[in-house]
Protein chains: 2
Amino acid sequence: MTDETQTPPKRPLTLRDVSEASGVSEMTVSRVLRNRGDVSDATRERVLEAAKELGYVPNKIAGALASQRVNLVAVIIPSLGNMVFPRVMTNISEALDQTPLQPVVGVTNYLPEREEKVLYEMLSWRPSGVIIAGLEHSDASKAMLRGAGIPVVEIMDTDGTPIDSVVGISHRRAGRMMAEAIAKAGYKRIGFLGTKLSLDHRARKRFEGFTEALAKAGLEIADQEFYEGGSSLQKGREMTEAILKRTPDLDFLYYSNDIIGAGGLLYCSDHGIDVPNKVGLAGFNDISMLKGFSKRLATMDSGRGEIGTKAAEIIAARVEAGDEGMTEGKGVRIELTPTIDFGDTLRKRPSEAAYPE
Amino acid sequence: MTDETQTPPKRPLTLRDVSEASGVSEMTVSRVLRNRGDVSDATRERVLEAAKELGYVPNKIAGALASQRVNLVAVIIPSLGNMVFPRVMTNISEALDQTPLQPVVGVTNYLPEREEKVLYEMLSWRPSGVIIAGLEHSDASKAMLRGAGIPVVEIMDTDGTPIDSVVGISHRRAGRMMAEAIAKAGYKRIGFLGTKLSLDHRARKRFEGFTEALAKAGLEIADQEFYEGGSSLQKGREMTEAILKRTPDLDFLYYSNDIIGAGGLLYCSDHGIDVPNKVGLAGFNDISMLKGFSKRLATMDSGRGEIGTKAAEIIAARVEAGDEGMTEGKGVRIELTPTIDFGDTLRKRPSEAAYPE
DNA sequence: GGGGCCGATGTTAGCGATGACAGGCTTTGC
DNA sequence: GCAAAGCCTGTCATCGCTAACATCGGCCCC
């Protein structure tokens, strides 16, 4: 009886099955399926039909092994819960869509040992490039990245020494800029609210830049409040309440991200606190989802969209050039400039004179 | 520690390099690195040292081809911007952490043709299982899923016929439940605000269930407002303004998700609209990040955390059982019960009698 | 003391694709 | 009319690793 192939797939299909079904060699089938080399229209059609008929899906594992080419780009980020990273991912995907490359995500949860593990796993698939958040990695991770012989782009942060290429902003500078704006606006009693800084290096650097620039203006942090775990409006609200109860004379609150900052804003509205005159507020990251509050929270754009795009482009260019390694001065360095958005919660000048809205 | 490891990687390392460095056969090295079979402690140690010294990272491509085992689970979701999906992902990752399996994400942007492409790409890596959002797929996608010979779990939605296993809630039922609560609370003039429903099947089903149950209560949708693109508070705010200007006598607004619902809530607060008495509000999905508003938006928990965990467990169990196919009645069906959270924006009974809080 | 067995290692043959090259069969140019 | 130059297709070796089996000394036990 003829093998009418509606049969449930006992054994996964291979090129051979298609080649037999269409009466040509495996090689020809392979050529058709990859659109490579010359194949007559007649056979091409016959092969395609057979492949579709059988429902053949090529085995990239075998393909990659044979061709020594794996069109994957490892993207390693700390978290998916942070909104910033999905955004970066989206841009990376879009940029890579123009190329044969494809992103694969790995999540580290801000833990160096997890980063190491994830990196190892990813590298064992021999990707064509790596995009990884941050400049701080364990020695083992650094060694792996260097040894992989593929382009590496570290993203988000530029305060440090990159392994290869880097695209990001200086978080120290971002912190300084915000501090300068705050000092210039005449705020004096400044509170900081953020994550426990130990593992979030970028938040830490912003904090450092922030205190440094405050110091230069003759100011210092009057109180601070830390939290662990994911960000939420609720947490911002609670922390704001706590810090204001403890230190009622604070006149500015700097949050390490927009989510908790927005929570603080809600707290202030609910309690009739005059923002930005009694208390000023600022966050970080320009989470567009949050636009829509009655007052726009002052924040800073970290250029995360562009970061993703640029990083992907660097990888794509290097892979296309066949120059997969990171010889000589191939490393690109792109430092974007963060821009401050005063919103409605950060005055532009001292409040002595009242500026009606 | 000799720093001879500075060797610039000319040619990627293979098992052979390690085997030569440690003076045993490749096979033995392979055994050591996989912890399989008996190897004497002496050689094990020698091999491990050599591997570390060289910075060897095994090639999973070759390993997978040889062993016919790829410990990846394809997870296909519509978007990373939606918060719901990162949450599901997180739970899947956690559940798979107990196993040798690893998730790999693909994003479809709610487009069937992209879903098809992403699925094809993923299947060509021969994963051990597939977790895919929704029950609606193109014929080609369905054929691929059926033909892949691996366990498939469709998640989020149970209204329809699964290919294999399914874990989720009935969105029709969720819509009905909300409609019943609204009707019971005595709201009469109901508005709906949501995405253009064409491609978001789950939102569509909620809408259908919602109108159906309203009809049963003798009510109908008085007005509706649709949007495209990502959700944001701003969008919720604008849509709310639009619908209320057009149909000022609406006394309830049902939003297709919490983000735009929260935007509506902000609009109402700002305009002194008495919620929930003049107008009631409800969203969907219980986005915990949004807790912290002065009023808690009524919403519904879709059990997305549990969905991820259960889906991963189903795959893991099937893979472990070596029963990778989906023969007979292997398909598991888990329908979770959505729970309604009245928050502060949905009355529990008609407002004739005033119930002080 | 020799058969049996076991632990430790090596040998061989693929896994399913692709690269390089080797042909047949047509065309083309002069 | 015949060599050179295509097209189109096939053969063969290989990618780096692992399954399965083969091998080789002990060690145990009757």
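In what follows, every chain begins at residue 1, and chains take the letters A, B, ... in the order their sequences are listed. Only a predicted model underlies this, so the values are computations on that prediction, with no experimental measurement involved. Below, each value reflects all heavy atoms present in this structure, side chains not excepted, and no hydrogens, waters or symmetry copies.
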Walk along nucleotides 10-16 of chain C from 5' to 3' and tag each nucleotide B, S or - by protein heavy-atom contact under 4.0 Å, base first, then sugar-phosphate. BB--BBB

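The list of salt bridge (charged side-chain N to carboxylate O under 4.0 Å, His left out) pairs with a residue in residues 117-131 of chain A, not counting sequence neighbours, reads Glu121(A)-Lys60(B). Among residues at least two apart or in separate chains, salt bridge (charged side-chain N to carboxylate O under 4.0 Å, His left out) pairs with a member in residues 21-32 of chain B are Arg16(B)-Glu26(B).
The salt bridge (Lys or Arg N to Asp or Glu O under 4.0 Å) check on Arg304(B) picks up Asp301(B), with sequence neighbours excluded. Residues passing the salt bridge (Lys or Arg N to Asp or Glu O under 4.0 Å) test with Glu313(A): none are found, sequence neighbours excluded. Here Thr43(A) pairs with Ser40(A) under the side-chain hydrogen bond (donor to acceptor under 3.5 Å, both in side chains) rule; sequence neighbours left out. Among residues two or more places apart in sequence or in another chain, the side chain to side chain contact (heavy atoms under 4.5 Å, CB included) test is passed with Val107(A) by Ile77(A), Leu80(A), Asn109(A).
Looking at every heavy atom in both residues, Ile315(A) comes nearest to Gly129(A) through CD1-CA, 4.1 Å.
Here the P atom of nucleotide dT18(D) and the CZ atom of Arg16(B) are 14 Å apart, to the nearest Å. Rounded to whole Å, atom C1' of dA17(C) lies 13 Å from atom CZ of Arg36(A). To the nearest angstrom, P of dA17(C) lies 13 Å from NZ of Lys60(A).
In this model, the phosphate group of dA8(C) is not approached by any side-chain N or O of Arg44(B) to a distance below 4.0 Å at OP1 or OP2.
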Enumerate the protein-to-nucleotides 5-8 of chain D contacts in which both atoms are nitrogen or oxygen and the separation is below 3.5 Å.
none

Listing, residues 147-157 of chain B side-chain donor-acceptor contacts under 3.5 Å, not counting sequence neighbours, or none:
{"from": "Glu154(B)", "atom 1": "OE1", "to": "Ile163(B)", "atom 2": "N", "distance (Å)": "2.7"}
{"from": "Glu154(B)", "atom 1": "OE2", "to": "His137(B)", "atom 2": "NE2", "distance (Å)": "2.8"}
{"from": "Asp157(B)", "atom 1": "OD1", "to": "Asp159(B)", "atom 2": "N", "distance (Å)": "2.9"}
{"from": "Asp157(B)", "atom 1": "OD2", "to": "Lys205(B)", "atom 2": "NZ", "distance (Å)": "2.4"}

